Amino acid sequence: MEQGPLSGIKVLEFAQLVAGPFCAKLMADLGAEVIKVEPCNEGDEARKRGPFLNDSPHPERSGLFLYNNTNKLGITLNINSQEGRKIFKELVKQADVLIEDNPPSRMEELGLDYPSLKEENPGLVMTSITPFGHTGPYRDYKAYPLNVFHSGAEGYVTPGGSTFPDRPPLKIGKYVGEYESAISATGATLIAVYFQMASGLGQHIDFSKQEALMMLCPWEISRLANKGYLVTRFTRGFRFAGVLPCKDGYIELCPYKDDEWDRLVGLMGNPDWAKDDALKAHAVREKRASELKSNIGQWSIQFTKNEIYHKAQAKHCPIAPYYRLDEVANCPQLKARSFFVEIEHAQTGSLKYPSSPYKFSRTLLNARQAAPLLGEHNEKIYCGRLGYSSQELVKLRAAGII
Amino acid sequence: MEALAGIKVVDFSWGIAGPVTAEKLAEMGAEVIKVESKTYVDPNRLSRDPMTGEYSGVNQVESFNSANLCKLGVTLNLKNAEALELAKKLIERADVMIESAPAGVMERLGLGYETVKEINPGIVMLSTSGHGHEGPEAHYVGYAPLFTASAGVGEMTGYFDSTPAEIRESVDYVSALHAIVGLMAALIHRKKTGEGQHIDLSSREVMVGTVGDSLMDYFMNGRVQTRHGNEDEVMSPHNCYRCKGNDSWVSIAVSKDSEWAALCKAMGNPELEKRFSDAYSRWTNRELIDKLVESWTVNYTDYEVMDTLQKVGIAAVPSFNGQELLSDPHLKERGAFQVVEHPEAGARLIMSPPWRLSLTPPTISHDAPLLGEHNRYVFGQLLGLSQETIDKLIEEKAIY
């Protein structure tokens, strides 16, 4: 069988919900061996969150958990017991990477902070993913995904082009900020892994989700310092086009360049209102934004999303449909790239999943193994890797350690 | 120490997603040579200020400079045969090549992967585009707001009774970060085997991945999730609440009964706790609860609400704007901002790279290159061309 590019890299994950698990999942999907450590009895908090298959809550049928934990091995461990912590350190000794998302003070209390784990394994790359990082006055502040997203600047400017001064700033999607943080953390971690392979040296990554999200819109912040104005959700967004209505929903239109405007005018069939020579200048189009937006909207409303999308793109006019998730799931482009893959799971049967956003010419990397059942690989890891006998495993189980 | 010292990157990309990929590698110690041409400058250098509409010239565009820190900049007119040869020399000595042209363009320039791997079989080449290089929409224009719309993320964002939301440059940055995941995985594979390869990344698929759990609802139950403002499916309060001041907001999220009790106490309204003592009653009455919470927050600044509530274990964080972030004490202590000196734009404030690796922290060596700034260094020092040859190539508009 062909192996992923990260085959041979051993990752230990001690994280829950979205950001930490998705970071480890990206590595697992690329071929790394990921051992996910879950608390005994209840497991990862995500197992309690929907969506559930057939809307019937069950820890092995949570779509949130299944999506974020493909290709991993799963074990249970009671980290609050002394024996549990000892076992955790044994696991750390065998790992190249540790991904964890616990509050900084919690890892210190457990004696599992970086200085302690470095003694067990000097080559370890440890990535700590927290809302505000391990230093600074907010390091122990509590933040759920909503708070994390709004701490990072993009919330304040969302939705761009808002016409509702009385309404609050918004998050993007559901957990988008968590996934974005995870992608960033994975990039940083793999750079440290590369350095580890070259030098044998491990290190700690103090990963702040807030800073990771700020990094995604650096100019929204720096423009105040460098240009002297503050971007808000009322001033952000494409002014004379942007979100426009059509028969069955909305499209996005963003003609940044003059030639794109010309193509749009052609696409609309050269309407009289667009024959005004003044409109050839971008600045004038910006100034007359509301008039233009209304005129373009009267044209776009006559068509469906897909009619306008394919017709426009054939002329290189920058238009795209606002697809609902069922349209995304059935989109021919994503199908052509085999983006959705079927994965078999003991409790849910075969389900479709989104996979990786890249094709590698030499190595294969589609998700193929479903998320682990709670404690599914206890015997494989504890007996096979750490050398416990089956009898000892029974005792550890009875003592509530695994 | 630098994590990527010795790695050489040749960056043919433009816009944001490709350039930022290369920039992050440069911050970690890689040598990045950005190839542009006066016949086709990076369009980001031509961006107008989105607010004022003003254009500040090729070397002073904020969005360009912020996406191209720490790079060496050269100009090569790739339609000139001699320039193409120089480009191939840069490819020959590189470990990584990055490009973001629409499918087929690099092939037409004579720099497609088939040619590249003949020049340098061990190279890792990244092609980053809106839709990937295969499939019926491979040639479609892929600006950030477009591929985010067709990825379903726009439809999942906004007020329930209004339009989907246009999402902008941040998603180009996310694509860049996902590209780094792919690139580093390929470099790790190369370290083990010596094999190079081509990576074809679709930004749209990156964004579909960020609504993956909502898509699972469709695959499992046929349900199509949509936008609901700041709402959560089980938590309430779970919203942004107006505070004292101009357009100032604080996000508050409550998951546990104990947090709810602490919030009611902090608001001086302990009776409220019993009225909505379980998560379900709070969620079904979320509109009323939002009103009650806001009638309290509106009397304080967003920072006052955060300070008061965090002290009693409640997740409250302002919806920070740029101004607040720039002066925030936490970010100050973490050194989240720094000043970089640009030869034309002068001192510029930028975000410090947020990847805090204890042993190999990222560093900003210099601001983005002026157009063609490092032509003499790269072609003279790195490729060993004589001054006369360089002069001649400049005159012939090969280096141009």
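All chains are named by letter (A, B, ...) in the order of the sequence lines, taking the proteins before the strands, and each is independently numbered beginning at 1. What you are looking at is a predicted structure, and each value in this text was computed from that prediction instead of being measured.
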Let's go through B:Phe320 and A:Tyr156 carefully: what are the C-alpha distance in whole Å and the side-chain angles of both, what is the deciding distance for ring-ring contact (aromatic ring centres under 6.0 Å, His included) to 0.1 Å, and is it a yes or a no?
CA-CA 6 Å; B:Phe320 283 121; A:Tyr156 191 77; 9.8 Å; no
Non-hydrogen atoms of chain B under 4.5 Å away: do they reach the side chain of [X], the backbone, both or neither?
{"X": "A:Phe149", "value": "neither"}
{"X": "A:Arg61", "value": "backbone"}
{"X": "A:Leu26", "value": "side chain"}
{"X": "A:Leu351", "value": "side chain"}
{"X": "A:Glu178", "value": "neither"}
{"X": "A:Lys335", "value": "neither"}
{"X": "A:Tyr250", "value": "side chain"}
{"X": "A:Ile319", "value": "backbone"}
{"X": "A:Phe132", "value": "both"}
{"X": "A:Lys227", "value": "side chain"}
{"X": "A:Ala314", "value": "neither"}
{"X": "A:Ser7", "value": "both"}
{"X": "A:Ala283", "value": "neither"}
{"X": "A:Tyr144", "value": "both"}

Ionic contact status for [Y] with [X], cut-off 4.0 Å:
{"X": "A:Lys305", "Y": "A:Glu327", "value": "yes"}
{"X": "B:Glu169", "Y": "A:Arg236", "value": "yes"}
{"X": "A:Glu154", "Y": "B:Arg168", "value": "no"}
{"X": "B:Glu155", "Y": "B:Arg227", "value": "yes"}
{"X": "A:Lys359", "Y": "B:Glu134", "value": "no"}

Chain A heavy atoms under 4.5 Å from [X]: which part of the residue, side chain, backbone, both or neither?
{"X": "B:Ser56", "answer": "side chain"}
{"X": "B:Ala316", "answer": "backbone"}
{"X": "B:Gln310", "answer": "side chain"}
{"X": "B:Leu4", "answer": "side chain"}
{"X": "B:Met125", "answer": "neither"}
{"X": "B:Lys332", "answer": "neither"}
{"X": "B:Leu331", "answer": "side chain"}
{"X": "B:Leu359", "answer": "both"}
{"X": "B:Pro164", "answer": "both"}
{"X": "B:Ile7", "answer": "side chain"}
{"X": "B:Tyr140", "answer": "both"}
{"X": "B:Val174", "answer": "both"}
{"X": "B:Asp328", "answer": "side chain"}
{"X": "B:His228", "answer": "neither"}

Among [options], single out the residue with the greatest number of heavy-atom pairs under 4.5 Å to chain A.
{"options": "B:Met207, B:Met184, B:His330", "result": "B:His330"}
{"options": "B:Thr128, B:Thr157, B:Asp200, B:Thr226", "result": "B:Asp200"}
{"options": "B:Leu25, B:Leu309, B:Val208, B:Ile350", "result": "B:Val208"}
{"options": "B:Gly135, B:Gly154, B:Gly212", "result": "B:Gly212"}
{"options": "B:Gly196, B:Ser47, B:Ala336", "result": "B:Gly196"}

Decide yes or no on side chain to side chain donor-acceptor pair (under 3.5 Å) for A:Arg49 and A:Ser62, but give the supporting numbers first.
CA-CA 6 Å; A:Arg49 305 271 177 109; A:Ser62 152; over 6 Å; no
[options]: which one forms the most heavy-atom pairs within less than 4.5 Å of chain B?
{"options": "A:Val176, A:Leu64, A:Leu146, A:Val231", "answer": "A:Leu146"}
{"options": "A:Phe238, A:Phe207, A:Tyr179", "answer": "A:Tyr179"}
{"options": "A:Ser184, A:Ala32, A:Gly173", "answer": "A:Ser184"}

By salt bridge (Lys or Arg N to Asp or Glu O under 4.0 Å), which residues pair with A:Lys174, not counting sequence neighbours?
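So A:Lys174 forms a salt bridge (Lys or Arg N to Asp or Glu O under 4.0 Å) with B:Asp213, B:Glu233.
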Residue pair [X] / [Y], side-chain heavy-atom distance below 4.5 Å:
{"X": "B:Val254", "Y": "B:Met235", "value": "no"}
{"X": "B:Glu333", "Y": "A:Arg139", "value": "no"}
{"X": "B:Trp249", "Y": "A:His150", "value": "no"}

May I have the step-by-step check of salt bridge (Lys or Arg N to Asp or Glu O under 4.0 Å) for A:Arg362 and B:Glu195, ending in yes or no?
CA-CA 8 Å; A:Arg362 198 184 278 275; B:Glu195 295 169 352; 3.7 Å; yes
Around atom NZ of A:Lys142, are there more than 12 heavy atoms of other residues, nucleotides or ligands at under 6.0 Å?
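Buried by this count: over 12 neighbours within 6.0 Å.
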Heavy atoms of other groups near A:His310 NE2, more than 12 under 6.0 Å:
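Atom NE2 in A:His310 is packed in, count exceeds 12.
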Determine, using ring centers only, whether A:Phe360 and B:His189 are less than 6.0 Å apart.
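Between A:Phe360 and B:His189, which both carry aromatic rings, the centre distance is not below 6.0 Å.
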Flag this pair as yes if the NZ/CZ of A:Arg223 is under 6.0 angstrom from the six-membered ring centre of A:Tyr229 and inside a 45 degree cone about the axis; otherwise no.
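Judged by the rule (NZ or CZ under 6.0 Å from the ring centre, within 45° of its axis), A:Arg223 is not positioned above A:Tyr229.
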In a table with atom names and distances, give each donor-acceptor pair under 3.5 Å that connects a side chain of residues 144-153 of chain B to protein atoms at least two apart or in another chain.
from, atom 1, to, atom 2, distance (Å)
B:Thr148, OG1, B:Ala144, O, 2.5
B:Ser150, OG, B:Leu146, O, 3.4
B:Ser150, OG, B:Arg204, NE, 3.2

Using modelled atom types and a 3.5 Å cut-off, is there a donor and acceptor pairing between side-chain atoms of B:Ser175 and backbone atoms of B:Val171?
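The answer is yes, because a donor-acceptor pair under 3.5 Å joins these two groups.
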Under 30°, 30 to 60°, or over 60°: which ring-plane class applies to A:Trp219 and B:Tyr173, parallel, tilted or perpendicular?
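Aromatic pair A:Trp219/B:Tyr173 classed perpendicular.
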Determine, step by step, whether B:Met216 and B:Asn221 satisfy the side chain to side chain contact (heavy atoms under 4.5 Å, CB included) criterion, reporting the C-alpha distance in whole Å, the side-chain angles of both residues, the deciding distance to 0.1 Å, and the verdict.
CA-CA 8 Å; B:Met216 293 303 287; B:Asn221 302 313; over 6 Å; no
